[in-house]
Amino acid sequence: SEEIGFQKPGKKIFQAALKKLNYKNHQSLMIGDSIDGDLVGASNADIDFCWLNRKEESLPKEFSKPVIIVKNFIELQHFFDCHKKKEIHL
């Protein structure tokens with residue numbers, strides 16, 4: 001964020017990352033553990049969000065539900081393993 005000059009949850013940092021990688025928001029999945037920075041930022045940039053919810057916290061009602069909720073990277077890897085032979089549509 002220091003290089004680009006933008007911070008989460010502003011959408012400009014997400015847009016800059018997508019531009020650098022030559023991806024569109026609908027081709028991407030933001031994986032993060034922060035509701036305030038990651039989920040809100042992904043939502044601001046219209047990017048699907050995977051919540052890495054290690055503490056199994058409840059999602060505050062004012063936030064939109066993530067596309068995927070996992071407790072750890074093993075669950076996340078399982079999700080990708082189940083979908084690796086087909087294109088993932090969330």
hydrophobic_cluster_shared for Ile74 and Ile68, side chain cutoff 4.5 Å:
no

Output for pair (Lys19 NZ, Leu21 CG), nearest 0.5 Å, gives 12.5 Å

Measuring only between side-chain heavy atoms, which start at C-beta, is Arg54 closer than 4.5 Å to Leu52?
yes

Assess whether side-chain contact (heavy atoms from CB on, under 4.5 Å) is satisfied between Ile69 and Phe49, documenting all intermediate values.
CA-CA 9 Å; Ile69 300 173; Phe49 181 71; over 6 Å; no

Heavy-atom closest contact (Pro9 atom, Asn44 atom, distance):
O-ND2, 2.8 Å

Do you know which two heavy atoms are closest between Gln27 and Lys24, and how far apart they sit?
OE1-N, 2.6 Å

Please find the pair of heavy atoms, one from Lys8 and one from Asp38, that lie closest to each other, and give the distance.
NZ-OD1, 2.6 Å

Please report the shortest heavy-atom distance between Ser64 and Leu59, naming the atom on each side.
O-CD2, 3.8 Å

Would you say that Leu39 contacts Ser34 through its side chain, given a criterion of any heavy-atom pair below 4.5 Å between the two side chains?
no

Side-chain contact, heavy-atom cut-off 4.5 Å: Phe63 with Asp36?
yes

Using 0.5 Å steps for rounding, measure from the OG atom of Ser43 to the CE atom of Met30.
12.0 Å

Supply the atom-to-atom distance Ile35 CD1 to Trp51 CH2, rounded to the nearest 0.5 angstrom.
4.0 Å

Measure across Ala42 and Phe14 and return the closest heavy-atom pair with its distance rounded to 0.1 Å.
N-CZ, 3.8 Å

Taking the side chain as everything from C-beta on, heavy atoms only, tell me whether Leu76 gets closer than 4.5 Å to Asn72.
no

Point-to-point distance, once rounded to the nearest 0.5 Å, from CD1 of Ile31 to CD1 of Ile47
11.5 Å

In Å and rounded to the nearest 0.5 Å, what is the CG to CG distance from Asn25 to Asp48?
9.0 Å

Lys71 side chain reached by Asn53 side chain, heavy atoms, under 4.5 Å
no

I'd like to know whether Val70 forms a side-chain contact (heavy atoms from CB on, under 4.5 Å) with Cys50, so could you lay out the CA-CA distance, the side-chain angles of the two residues, the decisive distance to 0.1 Å, and finally the verdict.
CA-CA 7 Å; Val70 295; Cys50 170; 3.9 Å; yes

